[in-house]
Amino acid sequence: MQITQQQIISEIVHEARTRPDSAVRELVQGQLLVGVQAEQGAGICSRVPLDDVPLDSGHEPGQNQSLHQLLPGLQNQDTVQASFALASANCILNSRRGEIQAKAQELILELGQGKNVAVIGHFPFVSKIKNAFKNFWVLEKRPRDFDLPSTEMPRILPRAQLVAITATTLLNGSLAGILNLCDTGSIRVLMGPSTPMACCLGRMGIDYLAGSRVLEPSQVFTGIKNGLCFRSLSGVENFIQPTGRTGV
């Protein structure tokens, strides 16, 4: 079944709206990340686009809103508003307990043994694990080191038995196209600080969600304002949640 980006976004927004709303207290953005703090919890997300939009551009949504009111901004793909909207969804959805406290790279190493593995996005850990699999490909819009250009996806993804995808594909309009290229029997992992713990993503073809939870908002938001990348932040924890997708 072919899916569209609009379907994915609409399902996430709908699921987040089924959870209790909360007034927004603070919105912050840095060079790499954005953050939303509400009366109940906080959420973070990668900032897109990283180019051509200065921090003082006025693209930040209004402060006097609730989390639910920010969610429609996710429809505005590849904008700062989309980043704040997804951070709001993460604030709502990523507070649940009962998942596995682990990093995405640990899951990839465990599930990818003896398999063809493709990673969408050049994560810091890829150089450490590149020799652990039968075949290993990193697909990136801006290739570096041993990366392949993202234009190689139609050739690589049908061959991959495990596909790990950066959650920024929820922001830049590319997730649906990636999932439609994957082999039907492949394992798919959505990962990174932008990942929402949305059950609906299982229906969209994702098997595991590897995201983060904000534990200490003041520490996290200070780091964001200072331009830190996610792995340099203090006050967050990584966790993994299976979606229960069947047919794999």
Side-chain angles (χ1 to χ4, degrees), residues 2-17 24 27-36 43-62 65 67-94 118-123 138-144 147-154 157 163-182 188-196 198 200-201 204-206 209 211-212 224 227 229-230:
Q2 298 286 298
I3 59 173
T4 67
Q5 192 80 4
Q6 179 63 39
Q7 284 177 295
I8 296 171
I9 298 306
S10 296
E11 289 274 357
I12 292 172
V13 171
H14 173 74
E15 183 170 335
R17 280 179 165 166
V24 173
L27 301 172
V28 299
Q29 61 173 313
Q31 291 291 341
L32 301 175
L33 298 160
V34 305
V36 175
I44 61 174
C45 181
S46 296
R47 181 181 183 268
V48 297
L50 291 178
D51 300 327
D52 69 31
V53 180
L55 294 183
D56 59 354
S57 64
H59 286 256
E60 189 174 292
Q65 300 187 62
L67 295 175
H68 283 191
Q69 288 173 318
L70 292 181
L71 291 172
L74 194 51
Q75 307 284 356
N76 303 322
Q77 295 276 273
D78 211 26
T79 67
V80 176
Q81 286 93 335
S83 292
F84 279 109
L86 191 51
S88 299
N90 293 344
C91 181
I92 295 170
L93 297 170
N94 292 18
V119 175
I120 312 297
H122 188 105
F123 284 82
V138 177
L139 297 138
E140 174 61 59
K141 286 186 175 181
R142 298 175 180 175
R144 48 185 156 149
D147 299 349
L148 295 174
S150 56
T151 53
E152 288 285 301
M153 287 185 191
L157 293 185
V163 182
I165 308 164
T166 173
T168 56
T169 54
L170 285 168
L171 301 168
N172 63 24
S174 63
L175 180 57
I178 290 168
L179 292 174
N180 289 331
L181 288 171
C182 292
R188 300 92 177 266
V189 180
L190 192 68
M191 63 182 181
S194 304
T195 305
C200 63
L201 287 169
M204 300 293 113
I206 302 293
L209 303 169
S212 64
I224 290 175
C229 63
F230 174 72

- pair F84-V36: side-chain heavy atoms closer than 4.5 Å: yes
- Worked check of side-chain contact (heavy atoms from CB on, under 4.5 Å) between L70 and L27: CA-CA 11 Å; L70 292 181; L27 301 172; 4.1 Å; yes
- Okay, side chain of N180, backbone of I3: is any donor-acceptor separation there less than 3.5 Å? yes
- Calculate, to the nearest 0.5 Å, the distance between atoms CD1 and OG belonging to I120 and S150 respectively. 8.5 Å
- Are any of the side-chain heavy atoms of C45 and L170 separated by less than 4.5 Å? no
- Item | Nearest-0.5 Å distance, OG1 of residue T79 to CG of residue N172 | 11.5 Å
- Item | Heavy-atom pair of closest approach, residues N76 and A82 | O-CB, 3.3 Å
- Taking Q7 for its side chain and T4 for its backbone only, find out whether a donor-acceptor pair lies under 3.5 Å. yes
- Out of curiosity, L201 CG to L175 CG, how far, rounded to the nearest 0.5 Å? 7.5 Å
- Message: Distance check, rounded to the nearest 0.5 Å: L74 atom CG versus I12 atom CD1?
- Response: 6.0 Å
- Matching residue for I165 among L157, I178, V189 - test: side chain to side chain contact (heavy atoms under 4.5 Å, CB included): I178
- Measuring from C200:SG to I8:CD1, what's the distance to the nearest 0.5 Å? 9.0 Å
- Message: If you compare all heavy atoms of A87 against all heavy atoms of V34, which two are closest, and at what distance to 0.1 Å?
- Response: CB-CG2, 4.1 Å
- Heavy-atom check, side chain of L86 versus side chain of N90, under 4.5 Å: yes
- Item | Side chain proximity check, I92 to L71, heavy atoms < 4.5 angstrom | yes
- Could you tell me whether a side-chain N or O of E140 sits under 3.5 Å from a main-chain N or O of D147, the two making a donor and an acceptor? no
- Task: Kindly say whether A167 contributes a backbone atom to a donor-acceptor pair with the side chain of S194 at under 3.5 angstrom?
- Result: no
- Query: Of all heavy-atom pairs between F123 and G192, which one has the smallest distance, and what is that distance?
  - Reply: CE2-CA, 4.3 Å
- Which atom pair, heavy atoms only, marks the closest approach of L33 to P193? CD2-CG, 4.3 Å
- Query: Can you tell me how far CG of L190 sits from OG1 of T195, rounded to the nearest 0.5 angstrom?
  - Reply: 4.5 Å
- Given the rule in the side-chain contact (heavy atoms from CB on, under 4.5 Å) test, do T151 and L139 qualify, once you have shown the distances and angles that lead to the verdict? CA-CA 8 Å; T151 53; L139 297 138; over 6 Å; no
- Hey, are the side chains of V119 and T166 touching, using non-hydrogen atoms and a 4.5 Å cut-off? no
- Task: Taking the side chain as every heavy atom from C-beta outward, state whether S174 and Q5 have any atom pair closer than 4.5 Å.
- Result: no
- Determine, stepwise, if the pair L67 / V24 fulfils side-chain contact (heavy atoms from CB on, under 4.5 Å). CA-CA 6 Å; L67 295 175; V24 173; 4.0 Å; yes
- Message: Is the shortest side-chain heavy-atom distance between L209 and P196 below 4.5 Å?
- Response: no
- Item | Non-hydrogen atoms of C91 and G43 that approach each other most closely | CB-N, 3.7 Å
